[in-house]
Amino acid sequence: SPDYIMPPVYQAKTSLIDAWPAEDLALDSELDLNGNLLLHKDTLIVLGSDNNIYGYNVSDPKNPQKKWEMKIEDNSYLVSSRLYNDKIYLITGTYIDSSRPCPYKPLLSGNTSLEIACTDIYHPISPAYTDSTYTAISVDPQSGEIKDSVSFLGSNYSSLVYMSSDNLFITYASDMSNFDIFYGFFAESGRSLIPSEIFAKLEKLKSYDISYG
């Protein structure tokens, strides 16, 4: 059989670079890991591609020191993260194990697991497709200490994450009839787009107890 030569495998690294002033540009040090980055004061948070989260003291960029480490547990994954008002907000998703959906442990911080009990999981009021449990977790970026968490059901395929200055939103999908969508638009925003008698007919149809399936 022919000989095959495997291409070299390159391990991506995180580089700490002295970038200012530009004429003094130099590499200070490298961390043997990679992922998305957050910086809080002198702490560099690396959301690692290995499903771990690391906090490094980079007050001396030439000699970064690991301060703390977290692990996203096997059946979970990191959906998104935010750094706001001196807190890290981590959003994890955990695939629902139909044989034992809860309690579950999405995160291991040091030697302590964050355990979510069945009674601590919020769920939609109306029936909705769900395949994952989402957990929003606030973390102290300096110590890696978990401060608070909240969990609820959602969908791996359709849930979205958005954060404003005051709230963290994680959505779930809900089935609606086309009529309800169109009626909601005309009732709330589009009244001027159709004659009033047409809207009156829509209101009458809305009052009927019928199926739109």
Side-chain angles (χ1 to χ4, degrees), residues 4-19 27-84 86-97 99-116 121 131-163 168 170:
Y4 292 97
I5 300 175
M6 294 295 293
V9 177
Y10 296 100
Q11 173 66 42
K13 297 183 178 182
T14 298
S15 300
L16 280 70
I17 298 171
D18 184 357
L27 176 65
D28 278 340
S29 61
E30 288 184 328
L31 300 176
D32 196 19
L33 49 91
N34 67 93
N36 291 326
L37 306 175
L38 299 170
L39 181 64
H40 180 264
K41 299 178 181 177
D42 288 331
T43 300
L44 177 68
I45 297 95
V46 183
L47 306 163
S49 57
D50 60 355
N51 231 25
N52 287 7
I53 303 171
Y54 306 89
Y56 275 84
N57 184 342
V58 292
S59 56
D60 178 5
K62 296 182 183 300
N63 186 33
Q65 299 292 319
K66 186 166 72 172
K67 298 171 65 176
W68 53 265
E69 179 178 349
M70 291 180 169
K71 176 175 172 51
I72 307 294
E73 294 289 70
D74 292 340
N75 204 37
S76 300
Y77 53 95
L78 183 64
V79 176
S80 190
S81 61
R82 301 289 189 273
L83 176 61
Y84 182 70
D86 296 325
K87 286 185 180 178
I88 301 171
Y89 294 90
L90 303 173
I91 299 91
T92 64
T94 302
Y95 295 110
I96 294 175
D97 180 352
S99 64
R100 187 180 181 272
C102 54
Y104 67 96
K105 301 176 182 180
L107 190 66
L108 177 66
S109 178
N111 295 320
T112 304
S113 288
L114 173 65
E115 181 169 298
I116 308 299
I121 302 172
D131 58 18
S132 295
T133 306
Y134 287 83
T135 303
I137 307 160
S138 63
V139 176
D140 182 335
Q142 297 300 313
S143 65
E145 180 185 356
I146 296 171
K147 293 296 186 181
D148 204 0
S149 70
V150 61
S151 300
F152 47 90
L153 294 174
S155 168
N156 178 49
Y157 300 101
S158 60
S159 292
L160 302 174
V161 176
Y162 171 75
M163 188 170 184
L168 177 65
I170 306 175

If you take all heavy atoms of [X] and [Y], which pair is closest and at what distance?
X     : Y      : result
Thr14 : Leu33  : OG1-O, 2.8 Å
Tyr89 : Ser138 : CE2-CB, 3.9 Å
Tyr56 : Lys67  : C-CD, 4.2 Å
Thr43 : Pro141 : CG2-O, 3.3 Å
Gly93 : Val79  : N-CG2, 3.6 Å
Ile72 : Leu78  : CG2-N, 4.3 Å

Quiz item: Would you call Lys147 and Glu145 a salt bridge, taking side-chain N to carboxylate O under 4.0 Å as the test?
Solution: yes
Self-check item: Criterion side chain to side chain contact (heavy atoms under 4.5 Å, CB included) on Thr133 and Ile121, from CA distance to verdict
Solution: CA-CA 8 Å; Thr133 306; Ile121 302 172; 3.9 Å; yes
What's the spacing between [X] [atom1] and [Y] [atom2] if we round to 0.5 Å?
X      : Y     : atom1 : atom2 : result
Lys71  : Ser76 : NZ    : OG    : 10.0 Å
Ile137 : Ile91 : CD1   : CD1   : 8.5 Å
Gln142 : Asn57 : CD    : CG    : 8.0 Å
Asp131 : Thr94 : CG    : OG1   : 11.5 Å

How about [X] and [Y]: do any of their side-chain heavy atoms sit closer than 4.5 Å?
X     : Y     : answer
Leu39 : Val58 : yes
Leu38 : Ser81 : yes
Thr92 : Glu73 : no
Trp68 : Ile53 : yes
His40 : Ile88 : no

Quiz prompt | Contacts of Tyr95 that satisfy ring pair (Phe, Tyr, Trp, His ring centres under 6.0 Å) - sequence neighbours left out | solution = Tyr77
Quiz item: If you measure only the distance, is there a donor-acceptor pair under 3.5 Å linking the side chains of Asn34 and Ser49?
Solution: yes
Exercise. Check the surroundings of atom NZ in Lys87: do more than 12 heavy atoms from other residues, nucleotides or ligands lie under 6.0 Å from it?
Key: no
Check: residues 99-111 side-chain donor-acceptor pairs under 3.5 Å, at least two apart:
from: Ser99; atom 1: OG; to: Asp97; atom 2: OD1; distance (Å): 2.7
from: Arg100; atom 1: NH1; to: Pro103; atom 2: O; distance (Å): 3.1
from: Tyr104; atom 1: OH; to: Thr135; atom 2: OG1; distance (Å): 2.7
from: Tyr104; atom 1: OH; to: Ser151; atom 2: OG; distance (Å): 3.3
from: Ser109; atom 1: OG; to: Gly144; atom 2: O; distance (Å): 3.3

